[in-house]
Every structure is written in structure tokens, then in C-alpha cells.
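Some notes on the structure that comes next.
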Amino acid sequence: MNILICIKQVPDTNEILMDEERHTLIRSKAANIVNPFDMYSLEIAARLQENRPNTKVVIVSMGPLHAEEAIRTCFSIVGDIGYLISDPRFSGSDTLATSYILSQAVRLIENTEGTFDLILCGKQAIDGDTAQVGPELAEHLAIAQVTNVIEVTSEETLLTVTKETETGYAICTANTPCLLTITKLSREIRIPSLKKKLSARKIPLEHRSLKELVGLDEQRIGLQGSPTRVVKTFTIPRKTSCTFFTGPDAVKELMQTLQDNNHIQEVAL
Amino acid sequence: MTPNTKEFWVYLETFADGSLRPVGLELLGKAKTMCVSRGWKVVGLIIGYQVEKAVEEAQGYGCDVILVVDTIELSYYATDTYTDVLCYLIQKERPNVLVLGATPDSKDLAPRVAARLKTGLTADCTDMGFQETGDVVEWTRPALSGHLMAKIICPKERPQMGTVRAGVFPLPYFDKKSQSLIRRENPRLSSAEKQISLVKILAENTSNLNLEESSIIVAGGLGLGSKKGFDLLHNLADALKGMVGASRKVVEAGWIPRAYQVGQTGKSVKPRLYIACGISGALQHLVGMQDAHCIVAINIDADAPIFQIADYGIVGDVFEIIPAMLEELSQLNTIKAL
């Protein structure tokens, strides 16, 4: 089986600091990490490769040159080769333009690595949180998709896929080729061994840019190729303070306050 | 695609039992207020099998038109058939706007449709409204895990598409006398073999756990001490006619199924009231619930970060405070009943 994993380097949003007075982002302080949902894709692929050793795993990322570091991190879990797709003209791309560039990159990489049976994407990236690039990529490639997947097993060209739903799980079979978006797994992600970390340095990492993406329509990328525009960003000021209730009547006062403010109105008969 | 209609489409998703999901109705209400002064039509879209009950219900919420596709091939959600149907309708009728609830199925569907039609889609919005002049909708959504809000537009391509979270807009009033024009469509569906087939559904014991659509959530964290602590939480949720939520740590500890998880790797909720019990308030949890209209925190640790975003707080033991809350509730109810 031939697997492609799409990953993204993102700022660690738990480390982001806001300039509270100017309501702007202090982005430079945030460390860059591999998008957490993409880490789950790596675990899924590593498991598939263990069970079927003739499986090839290719990692692709679209991003700035320092995203190379993120692909290297992935290699310590899984990956036989990586591709970083970088070009200044990609910047400003929204989800439609991004997924279009990725679809062109997939076609380019397939020329060398062969057709992919399975494409894995994290459910969403924690910086944009749209969950749109995976399904949009599947549409550009005209292949089937399953979203919110937590488990995959394979048998020849048929995959058995467990998908998280609002009320539990659904089990589907999927013919390859297909694209899966992976959400938080019910098991832990493996911790890379030292040996794996060391050998990760020797895994080939190729660079590609716009000039290699022959056939890509430049009208469909970057800011000008993106149907959506951000017109404004702003922060919502944090709530000023919490009102604490203390003393023997604390609960009584709290419930009365909630009642008075109609927060629990439906309850009162 | 040039729009030739002043139509605002709202996708009305149904539950498995055929009833309408509240989020679609909330969006109908908002669409109606947006469109009325501009003379635009609000069109409700109902796709499925045996959806008559939903069509009936939708009429009471003020759609000008209800567009219905009712056929056995649509008896459950599948990406390919639903994408085909939606794209067929859009290409035929050319609406200016299409909004969907940010539910798991609609978030599977909307990007597929947007990519096929090469139009713009804004995800997980918390507000929408027309710009002062023209026909462009401004979509508001959180970015960077809620650190920042962004206003996004789709100036040229049509339809302008967005998915909007549940609980953002109030449910409109139901008017039994309200009538809608009903248009039925019968697109021809592809008979190609299915690439994805549903084998079975494994429901956890969480009947219809649509946490995102609950107006009251009582959530628990490690402070509950054990799996048994959640019994108390369920009692409080039941008394408030709300639902139970949970932090990541207790889900990972196996105290409660994952469908209850609120936060970055769980669900994003915006209830009217969120009561956090024994939750310290890791940022990953806060990003999933900080937009609640009112947040109450109960925690033994006065320095817990959850208090920084709470409206009301009590520092103390959840095992003393929750029973006292139940007691207060039964008294409040008795007074009302008199």
C-alpha cells in the first residue's frame, strides 16, 4: 500500500501570548509544532506499515522552509520520504486555494512515488481550525472521503474504517483510493525510540516549488486565487472579573443570581 | 457563478428520526431578520428520505420557500450523494448565500460542495450579517484557538458559504399558521458503486448526545475524584434539563465516553449556562467553552485558571456544593409551583 500523509507546522496555540493592551498577537514567542491532529495520522500510518511491511509512507507539507523541521519530527514516528512544497506565491491562500495547491502537489509526487491508495490528513489544524482542507483536497482529487476517523485496518484494497460520530462510532468499509481525516485516537501515540530518531535524520526530504508544479493554474492560488478574504481581526476583551460567592449562603446566592438572570429559567416550572 | 436570485439558503439537517436539528432553525431565524429589509427570500433546504414531518415543522419557522429532495437513496447521510444533490440544486437555482450548521455531517459536506463549485466557505462561524451595502455577507469566526476573532467575506464567488455553530442565534418562534411555498426536486443520482459503505453503527450509551445544541452544560473534571463522581453531575444536569460535559483528562481516564469531551480535541460549545465542576481550566478546555453566555466555576483551588474566565465562582468541594445546588433547585421549583 502507498500512503500519503499531509501535515502542517502550526504555532503552539497554547503558548500564544496576546498583547492585552493592543489586542494583537505576539506570534514570535509561540513555538512551532506539528499539528496535533496530524500526529494521530502518523500513528495510524505507522500501525498500517507494521502490519503490512511492504507499505510505503510519504509525508508532504505545504509551508515555509522552516516546516522542514516539522517533517523531520514526523520521520521519528513514520515516513520513507518527505516533500516540502514551498513558494512565496502560496501565501495568502485560503482553504480552497491551499487544497488546490496540495492536489497539484499530490499529482506531482505521484509521478515519482506511484499512485497513493490512501491519503491521511489531520481532522483540522489548530491554527485555522476549519477542518476544510481535507475534504476539499479529496474533491479536487475526485476521491472518496471519510472524516473524523479514529481507526483503520486494511485488507488488500479494502479498508475498514472506524469513524467517530456524535453518538458513538460508525464502522465503514472504504475502497481505495480514498482520503481520511483523522481525529483524536482512543489510544496513545507512540513515543519515538532513540534509534528511530537518529535514523530519521537520514530519511530523504525533497523540496518542490511552484515551477515544478506544471499544469497548476496560477489564477487559483495565493490571495488573488482565494475566494475568501479576511477583512478584520479583533480580540474579545476577557471578562473583567469573576464574582465569588462565599460563606454559608454561597450556593443559595449563586442559584438565586442564576435564576434572576434567567440562566436557568427553563427549569423553574 | 453569477447569482440570478436574491435567495438565502439555509440547509436544514435532520436527526436520524427525521426531526429537524435546532441549529438549522436558529439559522433560519437569523436569515429571516437579515433578509426581510432587503426583500430577499429565505429558502429552507431539506434533503433525505420520508422528510414530510420535517417539512411540516419547517413551515412554522418562516421559510418563504422549502426546497425538498425526498428519495430512498438519501435515507442516510453519505458524502457523495449529498454533495451531488446539493451541487445540482445550487447550479440550477443559483442562490446567493448558503449556510449550514457546523455539525459533523455538514462539515463533511460543505467543503466538498464548496470545492466542487470553486467558491468560498467560512467554517464554524459565531456570527453572520450583511455588509452595509451590497449583497456580501460578513462571517465572524474564532481563529488561533479563540485567541483572535476574524471577519471574513467572499466578495465575488457565489454562493457565499458558511457553517455556523449551534447556539449562536436564538430559536425563532414557531407559528402554526405560517405557510411556505414548497418546491420539490428530483435530481438523477449516480448509480456508481459506493466507495464507502456503512457497515454498522456502534452507539455508546449516549442517546443523541448533541452537546453543541444543549443550552445548559454541567461539566466535570478530575476534581470529581472518580467515575462515580459523574453520577452527581448527571443528577445536576437532569435537574437543570441540561447535558453533561467533561474535560479531556477524565475522558482519557475512562470515566466517561469521548462524546462528552469539551475542548480543543473535543467539542466546541456555546451554551447559555456552563457549570464547570472540578475543572482546573487548561487552555485546551477553555477554547471549547469560553464563549458560553454564563460560566460558573466550582473548584477547591482558588487559583485555578477556570476562575479567570468564569462569571461566578465558588471555591469549595464539589461534593458539598452540588448537593446543595440540587437542594436549592428543588426549593426554587417548589416556590414557582405554588
Side-chain angles (χ1 to χ4, degrees), chain A residues 13-14 16 18 25 36 94-96 99 126-132 135-136 139-140 144-148 165-175 178 184 227-236 238-239 242-245 250-252 254-255 257-259 261 263-264 266-269, chain B residues 79-80 104 107-108 111-112 114-116 119-124 144-145 147-157 195-204 206 208-210 240-241 259 264-265 272-273 283-284 294 307 309-315 321 324-325 328-329 332-333 336-337:
Chain A
T13 50
N14 298 319
I16 284 176
M18 296 300 297
L25 206 67
D94 69 359
T95 63
L96 187 73
S99 56
I126 60 163
D127 54 348
D129 274 330
T130 70
Q132 289 177 181
E136 289 184 333
E139 178 62 30
H140 293 307
Q145 75 188 40
V146 184
T147 50
N148 297 322
T165 67
E166 284 171 292
T167 53
Y169 303 97
I171 295 178
C172 313
T173 54
N175 285 312
C178 66
K184 189 174 162 24
T228 63
R229 290 266 178 290
V230 176
V231 285
K232 189 182 166 195
T233 59
F234 57 102
T235 54
I236 298 174
R238 292 253 162 188
K239 281 170 188 160
C242 174
T243 306
F244 284 95
F245 296 97
V251 172
K252 193 182 180 74
L254 168 68
M255 298 311 277
T257 306
L258 293 179
Q259 170 97 350
N261 290 301
H263 292 308
I264 53 173
E266 276 172 18
V267 183
L269 301 167
Chain B
T79 311
D80 52 357
K107 290 200 68 185
D108 182 278
R112 208 71 213 207
R116 190 170 300 178
T119 189
L121 169 64
T122 308
D124 283 302
L144 288 163
S145 297
H147 287 284
L148 203 64
M149 301 297 289
K151 280 184 188 281
I152 292 169
I153 58 168
C154 175
K156 288 196 206 102
E157 313 304 327
Q195 287 298 105
I196 311 285
S197 311
L198 184 66
V199 179
K200 62 177 165 185
I201 291 171
L202 301 174
E204 280 182 334
T206 51
N208 245 356
L209 190 74
N210 51 323
L240 290 165
K241 296 194 173 63
Q264 190 168 73
T265 51
R272 200 170 63 231
L273 175 63
L283 193 81
Q284 294 94 324
C294 174
F307 288 119
I309 66 153
D311 298 279
Y312 304 112
I314 297 184
V315 178
I321 293 163
M325 289 170 84
E328 280 302 319
L329 271 175
L332 286 173
N333 283 349
K336 284 273 171 172

A:Thr165 side chain near B:Ile201 side chain, heavy-atom distance below 4.5 Å: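 In short, these two side chains do not touch, never coming nearer than 4.5 Å.
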
Does the side chain of A:Val251 reach to within under 4.5 Å of the side chain of A:Met255, using non-hydrogen atoms?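 A:Val251 reaches A:Met255 side chain to side chain.
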
So what's closer than 4.5 Å to chain B heavy atoms on [X]: side chain, backbone, both or neither?
X        : value
A:Leu254 : side chain
A:Ile126 : both
A:Asp94  : neither
A:Ser99  : neither

If you tally heavy-atom pairs under 4.5 Å against chain A, which of B:Ile314, B:Asp80, B:Asp124 wins?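 That would be B:Ile314.
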
Shorter than 4.5 Å, heavy atoms on both sides: which option in B:Cys154, B:Ser197, B:Pro155, B:Pro104 has the most such pairs with chain A?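 Going by pairs under 4.5 Å, I would pick B:Ser197.
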
Would you confirm whether [X], through its side chain, and [Y], through its main-chain N or O, come within 3.5 Å as a donor-acceptor pair?
X        : Y        : answer
A:Glu136 : A:Leu96  : yes
A:Gln145 : B:Asp108 : yes
A:Gln132 : B:Leu121 : yes

Of all of A:Val146, A:Thr173, A:Asp129, which one pairs up most often with chain B through heavy atoms under 4.5 Å apart?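 The candidate making the most pairs under 4.5 Å is A:Thr173.
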
If you count heavy-atom pairs within less than 4.5 Å of chain B, which of A:Thr243, A:Asn261, A:Thr233 leads?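 With the most close heavy-atom pairs to chain B, the winner is A:Thr243.
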
To check you understand the geometry: which heavy-atom pair defines the closest contact between A:Lys184 and B:Thr265, and what is its length?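 Between these two residues, the closest heavy atoms are CD-OG1, 3.5 Å.
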
